Each structure stands twice: as structure tokens, then as C-alpha cells.
Amino acid sequence: SRVTNTLTTSSSSNNLVAATVLLATSNSASQQMIGQLVGLLGYLLTFAVMGAMVLVYLAIVGSIALVAYIIVQIPIYKMARNAGLPKAWLAFVPLAGTYVTVCLAKKPFDIFNGKFVWDRKKAAKIFIIAIAVDWVLVIFGGICSSVIPIIGFLLFMVVWVANLAFAVAAVIFRVYVNMDIIDTYTPNDENRTLWVVLSVVVPIAYIVWLFIHMNDRPNYEYEEYKKA
């Protein structure tokens with residue numbers, strides 16, 4: 001009987017120890033899981049805060065860019081309305097505003113002294129298509145460079161060179177557009193060449209010129225202009 005009691009007591013002690021160990025292990029696993037959940041929640045909270053900050057930044061920058069774009073396009077809109085162009089309000093729409101700007105002058109779009117002569121509407125459409133294609137290529141190149149390391153990088157470099165060539169062509173195109181607009185509104189201005197150069201080198205100077213002449217009517221009857 002005494003041996004039986006001893007065995008029973010020993011068995012109970014072993015069970016108690018096993019239960020204690022199991023409880024401790026369970027508590028440790030629970031604490032570890034809670035710690036992981038807290039870490040995950042902290043990571044998600046940090047990600048959410050950073051995302052919110054990026055969205056706020058983009059919203060501020062986007063708002064400033066939108067306001068600046070509208071301000072710059074106000075004289076283009078007024079000039080288009082005074083010139084009798086249909087749907088002058090398109091001046092405030094991206095890309096469409098470029099179309100309106102190019103069409104402010106009436107004479108054919110002439111580059112390099114007659115080597116490239118286009119109707120202004122055709123020239124505007126070609127330029128807008130080129131801008132859209134350039135945007136698509138830049139996005140495509142960026143995606144490829146991040147997904148396909150080596151080939152993607154080579155494609156990105158090709159796109160970068162193409163984008164550089166387009167930038168040069170866009171500057172040349174803009175010079176002729178600005179020159180035609182200046183000829184249309186101030187045909188007798190002795191500072192014509194200066195304004196054309198400033199329109200490219202110091203764009204804000206050209207914006208000032210646009211605001212100065214935005215209420216003027218285009219001089220489509222100017223004889224030299226008609227001959228050009």
C-alpha cells in the first residue's frame with residue numbers, strides 16, 4: 001500500500017510537471033504569436049503612414065502643377081477665342097491644348113525653309129501622337145528594366161536615346177510654333193528674334209509675352225505673313 005501511494009504520488013508529480021511544461025510551452029508560443037502579430041501590425045501601420053504621406057505629397061504637387069498649367073493656358077485660350085478657333089476651351093485640356101496652340105497661326109507649318117511643309121492641323125496631330133508614343137515608350141522601358149534585368153536595361157537605354165532624340169525634335173518644333181505665333185500677333189516687332197530665343201531658354205519670359213498679347217487679335221492680313 002505504501003509503495004502504491006508512492007507510485008501514485010510520483011505519477012501525479014510527473015503529470016503536474018508535464019502540465020506545467022505544456023502550459024509554459026503554450027504560453028511561449030502564444031507570446032511569440034502575439035509578438036509576430038504586433039510586428040505585422042506595426043509594419044502595416046508604418047506602410048499605411050508612408051503611403052498616406054506619398055499620396056498627400058502627390059496631391060500637393062499635382063494641384064500645384066494643375067494650377068500652373070491652367071494659368072499658362074489662360075492666354076492661349078483667350079488668343080484662340082479671339083482668333084475664332086472652335087472649341088477654344090480645349091486649350092485647358094492636356095495634349096489638346098498643344099493642338100490649339102499650334103493652330104493659333106494660320107500659315108503652313110514650315111521647317112527648314114520648305115523642306116518640311118505641313119498643314120498646321122496635320123503638324124499638331126503628328127506632334128501629339130509623337131508625345132503619346134514617347135510616354136508609352138518611357139513607361140514600357142521602365143517596366144522592362146525592373147522585370148527583365150539585362151534585356152530590360154538594354155531596352156531602357158534604347159528608349160532613353162529615343163526619348164533624348166524626341167526632346168531635341170520637340171524643342172525645334174516648339175521654336176517654330178512660338179515663332180509663328182509671335183509673327184501672327186506682333187509681325188512688326190523688332191525684338192522678334194529675341195522673344196523666340198527667350199521662349200526656349202527662359203519659358204517664363206514667353207509666358208509673360210503671351211499674357212501681354214492675349215487680348216490682341218491675330219494679324220492674319222499681314223502681307224509678309226501671307227507670303228511665308
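Everything numeric in this text was worked out from a predicted model, so none of it was measured.
Judged as a side chain to side chain contact (heavy atoms under 4.5 Å, CB included), and not counting sequence neighbours, the contacts of Leu90 are Lys87, Val93, Ala96, Val100. With sequence neighbours excluded, the residues satisfying side chain to side chain contact (heavy atoms under 4.5 Å, CB included) with Ile212 are Val208. Residues forming a side-chain hydrogen bond (donor to acceptor under 3.5 Å, both in side chains) with Tyr206 (at least two apart in sequence, or on another chain): Asn178. Applying the ring-ring contact (aromatic ring centres under 6.0 Å, His included) criterion to Phe92, with sequence neighbours excluded, gives Tyr77. Applying the side chain to side chain contact (heavy atoms under 4.5 Å, CB included) rule to Ala170 yields the partners Phe127, Phe166; only residues at least two apart in sequence or on another chain are considered.
By the criterion of side-chain heavy atoms lying less than 4.5 angstrom apart, applied directly or through intervening Ile, Leu, Val, Met, Phe, Trp or Tyr residues, Ile172 is grouped together with Val175 in one hydrophobic cluster. In the hydrophobic cluster analysis, where Ile, Leu, Val, Met, Phe, Trp and Tyr join through side-chain heavy atoms closer than 4.5 angstrom, Trp135 is grouped together with Val171. Cluster membership for Ile60 and Ile71, using ILVMFWY side-chain heavy atoms within less than 4.5 angstrom, is not shared. Taken together through direct or relayed side-chain contacts under 4.5 Å among Ile, Leu, Val, Met, Phe, Trp and Tyr, Ile64 and Tyr57 form parts of separate hydrophobic clusters. Val161 and Leu164 fall within a single hydrophobic cluster, where Ile, Leu, Val, Met, Phe, Trp and Tyr side chains are chained together by heavy-atom contacts under 4.5 Å.
Separating the CD1 atom in Ile207 from the CD1 atom in Ile76 is a distance of 9.5 Å, to the nearest 0.5 Å. Here the CE atom belonging to Met214 is positioned 12.0 Å from the OH atom belonging to Tyr185, to the nearest 0.5 angstrom.
Residues Ile131 and Leu95 have side chains in contact (heavy-atom distance under 4.5 Å, counting atoms from C-beta outward). The shortest distance between side-chain heavy atoms of Asp216 and Asn82 does not fall below 4.5 Å. Between Arg174 and Ser199, the closest side-chain pair of non-hydrogen atoms is not below 4.5 Å. Taking 4.5 Å as the limit, some side-chain heavy atom of Lys122 sits within range of a side-chain heavy atom of Ile126. Residues Val196 and Tyr176 have side chains not in contact (no heavy-atom distance under 4.5 Å, counting atoms from C-beta outward).
For residues 92-104, no pair satisfies side chain to side chain donor-acceptor pair (under 3.5 Å), with sequence neighbours left out.
Scanning both residues, Leu198 and Ala205, for their nearest heavy atoms gives CB-CB, 4.1 Å. Counting all heavy atoms, side chain and backbone alike, Gly97 lies closest to Gln73 at CA-NE2, 4.0 Å. Pairing each heavy atom of Met79 with each of Trp209, the nearest pair is CE-CZ3, 4.0 Å. When all heavy atoms are compared, the tightest approach of Ser63 to Ala59 is OG-O, 2.7 Å.
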| Can Phe173 and Val102 be said to form a side-chain contact (heavy atoms from CB on, under 4.5 Å), step by step? | CA-CA 10 Å; Phe173 183 87; Val102 175; 3.8 Å; yes
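Heavy-atom contacts from other residues, nucleotides or ligands closer than 6.0 Å to CD1 of Ile204 number 12 or fewer.
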